[in-house]
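Notes for the one structure printed next.
For reference, positions follow the sequence shown, starting with 1.
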Amino acid sequence: MNNRALFLLPLTAPLMAALAATPGQSAATDRRNVPNRVETVTVRQPPRPTVQTYPHAGVVDQPRRETSGQNTAPSGRQGPWGAFTRGNGEAAGFGPVGIYGVAPWAEDWSFLRDRSLAKDPFDPLKFIALNDSRTIWLTLSGETRLRNWYEGQPYLGTRGTPGAGRFAVRNLYGADLHLGAHVRLFGQLINGDAAGWAGYGYNRTYRKRLDLQQGFVEVTGGMLGARTGLLVGRQQFLDAPSYVLYNRNTPNVPLSWNGVRGYAIWQRVRVDLYDFVGTNINESKMFHDDEDWGTRLHGLDMTFAPGPIRLGQEELKTYLDLFAIGFRLAGASAAVPYRASTLSGSTARQNGGFRWYGSSPSFEFSVGGLYQSGTFQNAKSGAIRDVAAYSVNTTAGYRNPRSHWHPFIGGQFDLYSGGDSRSRTGTIGTYIAPFNPQTNYLDTTTYIAPSNLITVSPILRVTPLSYLSFQLKSPFLWRDDVNDRIYSSSGAYGFRPSGGFVGVIPQAALTLQLGQHLSWTQYAARFIASNGMSHAGARSGNYYQSNVVFRF
C-alpha cells in the first residue's frame, strides 16, 4: 500500500524568509515581502509489505490483505509450477512461499539475473553470480527468531511450574548453489538455545549446538511434458496437509528428513513420490546429527488443479489433493493408553485421504478426510493389534475484499477418532498425527493434540492495513470417545473426567509486518477447562507467546 504522509507546516514569515534567502542575503532583508502562509508538503514513503506470516499454511490459514486478483497470480517467489503457483504456492508441495518461504530453497530468485530488478538491500545476497554468463549463482538465506512465552498453568497444570516463562532463540542460515539450469546444492545450518524463569521441557529440540539442518542435491529436467526433479539428502518435507504433517514450529529445531524425493509438475497435475527416515537430533556435540532409522516416512501425493467454478460473478479456483502416506515410529508418540498406564511399542500406519480446497475473492474453503490403518506391536509381549482410525477437517468462510477492514468470517470443524483405552487387546481406534501438524491450526497452546477430539470454532479475522492482521478463534472441544484419554503433544493425560466436554480455548493472534525482513506475531489464549476436567484435576490458565523474526 502506498502511504503518503501529509504534513501541514505553519511557517512564520521569518522562517520562510530564511528558507527563501539566497546565499549572503539575510532573512531580515526580505521580511516585509514574505507573507504568512501554510504550506503543504507531500512526502512519499516506500509501501509497507503485505502480511507474510509463516509458517502458517493453507489457503484459509494464510492471513493476508485480499485483493480482487488474489490467488490468480503468484504472491511471492514461487518457482515455475504452472497452475500451482497461485496464492502462496502451497499446492506445489514445497510449503507456502510469499516473499520468503518456509523452505528457503523453494524461493526462486533467478529473476535477479537482471541487475536492474534488484530493489532491496539484501538482493545482492539472493543472486551472487559466479560466472560471466550468470548461469552459476549462489543464493544466501537466513532467519533469526526470538520467541518468548508465558504459561499460567503449563499443560493444564501437569508440567512445569505455574507462571512459567520461557525464551528461545534460533538461527537458520543457508546457501543455495545453482550449477546451471539443472543442478543445485542446498545446505542449511542451525543452532538454538533457550532460557527463562521456571522453564521446563528443554531438550535437543530447543537447545541445539551448530549442526546441519538440511543438505541435499537436486537434479531437475523435463519428462513427458512435465518439470521433474529428484532431491537426495537431508531436507524439509511439507507436501501434506498442514494439519497432518508440518514443520515442528514451537521448538527451535524444525523437522528434517533423510532420503530421496522425486516430483513431476505438469500445468494442472503434479505427482510426488518420497521415502525418508527421520533425523536423530539427540546428540549434544556439534555436527553429530545422524539418521533415526526407527522413524520412517514414505508416500505418494498427487494434486489436480481443475478449471474454475463459477460462483455468482466470481471464479472459484480449487485444488484436489490425493495422498497415501505411510509412517513408522516408536516412543511416546506410538504408546497406547491402557487404563491408568500406557503400553509402549511401535506402530506402522498407512494413511489414505484427500483434501479439496480453494478460494475466490470473497469465499474460501478446505475440506479433507483421512483413513488410518496399520498395526501396533507391544514392546513387552510382542502382541500385534490392528489400527482403524480416521479424521475429518473442514474450514470455510466469507470475506469482503472491498471493505477497508478486509474481514474474514468463517468456521472450522475437526474430528479425530478415538478408541477404547479400557482394553489392551482389539483394534486401536485412536488417530495420531506424530509429525508436528501446524501449531495454530488447532490449538495455539499445544496443550491438546489431534487425537480423540471433536472441535468446533468460529473464526474472525480483519486486515485493516497491508501490514497488520488480527484474528480471533475459539475452539470448543469434546472427546470423540469418552472411554479414551485426552491427549497433549507429549502423550496422553492421566485425567479421568466425566462426560465428553473438554473445554474451550479462546485465542487471538496479532501479526505485524514491520518491513520486508522483520515480522512480529503475538498469540494470546486461555484454556478454560470444563467442570468435568476441573474436577478431574485439570487447571485453567492463560497463555501468551511473542515471535520476532528476521528473514532475508
Side-chain angles (χ1 to χ4, degrees), residues 52 54-55 76-81 89 92-115 117-145 169-193 208-220 229-238 247-248 252-261 263 276 279 281 286-291 516-518 549-552:
Q52 298 282 341
Y54 295 115
R77 307 287 183 240
Q78 293 93 332
W81 303 331
F94 307 116
V97 179
I99 297 176
Y100 303 105
V102 177
W105 48 265
E107 303 162 10
D108 184 2
W109 295 92
S110 59
F111 70 95
L112 289 176
R113 181 177 286 108
D114 182 350
R115 296 184 180 91
L117 298 178
K119 306 296 183 184
D120 185 80
F122 283 86
D123 280 353
L125 300 179
K126 308 308 286 187
F127 192 98
I128 303 172
L130 300 180
N131 64 343
D132 292 338
S133 61
R134 303 174 72 79
T135 57
I136 300 176
W137 77 93
L138 183 69
T139 294
L140 303 181
S141 60
E143 174 191 304
T144 294
R145 186 185 74 178
V169 57
R170 80 173 181 200
N171 298 293
L172 288 163
Y173 284 78
D176 195 356
L177 176 61
H178 294 259
L179 302 174
H182 302 292
V183 179
R184 60 114 67 100
L185 303 172
F186 180 81
Q188 184 184 56
L189 301 179
I190 185 171
N191 83 296
D193 208 346
K208 188 65 187 171
R209 301 190 69 183
L210 189 65
D211 217 310
L212 182 68
Q213 176 66 18
Q214 299 187 73
F216 64 84
V217 58
E218 180 184 21
V219 179
T220 61
L230 183 69
L231 290 78
V232 180
R234 182 171 299 173
Q235 56 195 273
Q236 280 180 288
F237 180 73
L238 300 168
N247 200 44
R248 191 163 59 199
N252 280 331
V253 183
L255 277 178
S256 65
W257 298 92
N258 305 271
V260 60
R261 173 185 184 182
Y263 63 86
F276 298 124
T279 301
I281 64 171
M286 293 176 59
F287 294 106
H288 269 64
D289 287 355
D290 56 10
E291 293 77 20
Q516 178 173 321
H517 305 285
L518 192 65
V549 182
F550 166 77
R551 293 186 183 89
F552 73 87

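Across all non-hydrogen atoms, the minimal contact from Ala106 to Trp81 is O-CH2, 3.5 Å. Residue Arg134 comes nearest to Ala129 through the heavy atom pair NH1-CB, 3.6 Å, listed as atom of the first residue, atom of the second, then distance. When all heavy atoms of Gln188 and Leu212 are compared, the closest pair comes out as O-CD1, 3.5 Å. Gly259 and Gln235 make their closest contact through O-NE2, 3.7 Å (heavy atoms, listed as atom of the first residue, atom of the second, distance).
The shortest distance between side-chain heavy atoms of Phe552 and Gln516 does not fall below 4.5 Å. Side-chain contact check for Leu210 versus Phe287: some heavy-atom pair is nearer than 4.5 Å. At least one side-chain heavy atom of Trp137 sits less than 4.5 Å from a side-chain heavy atom of Ser110. In this structure the side chain of Thr139 reaches within 4.5 angstrom of the side chain of Lys126, judged on heavy atoms. Residues Pro104 and Phe186 meet the side-chain proximity criterion, which asks for heavy atoms closer than 4.5 Å. Counting heavy atoms from C-beta on, the side chains of Leu130 and His178 never come closer than 4.5 Å.
Atom CD1 of Ile128 and atom CG of Leu112 lie 11.0 Å apart (nearest 0.5 Å). Within the model, atoms CG of Leu177 and CG of Leu140 stand 10.5 Å from one another, a figure rounded to the nearest 0.5 Å. Atom CZ of Phe94 and atom CG of Asp108 lie 11.5 Å apart (nearest 0.5 Å). Rounded to the nearest 0.5 Å, atoms CG (Leu231) and CZ (Arg184) are 7.0 Å apart. Of the inter-residue distances, the one linking Ile281 atom CD1 with Asp290 atom CG reads 11.5 Å to the nearest 0.5 angstrom.
Counted by atom type alone, Glu218 and Trp105 present zero donor-acceptor pairs between their side chains at under 3.5 Å.
Atom CG of Asp114 sits in a crowded spot, with more than 12 heavy atoms from other residues, nucleotides or ligands closer than 6.0 Å. Crowding of Arg113 atom CZ: a count of heavy atoms from other residues, nucleotides or ligands under 6.0 Å exceeding 12.
A donor-acceptor pair is defined here as one N or O able to donate and one able to accept, closer than 3.5 Å; such a pair exists between the side chain of Glu107 and the backbone of Gly101. One N or O on the side chain of Gln78 and one on the backbone of Val97 form a donor-acceptor pair closer than 3.5 Å. A distance-only check finds no donor-acceptor pair linking the side chain of Ser256 to the backbone of Gln214 [under 3.5 Å]. With hydrogens and angles ignored, the 3.5 Å screen pairs a side-chain donor or acceptor of Asp211 with a backbone N or O of His288.
Between His517 and Phe550, the ring planes lie tilted relative to each other; the angle falls in the 30° to 60° range.
Partner of Lys208 under the side chain to side chain donor-acceptor pair (under 3.5 Å) criterion, chosen from Asn191, Asn171, Asp289, Asn252: Asp289.
The salt bridge (charged side-chain N to carboxylate O under 4.0 Å, His left out) search around Arg248 returns none, not counting sequence neighbours. Under the side chain to side chain donor-acceptor pair (under 3.5 Å) criterion, Gln213 pairs with no residue at all, not counting sequence neighbours.
Taking the six-membered ring where the residue is Trp, the centroids of Phe127 and Trp109 are separated by 6.0 Å or more.
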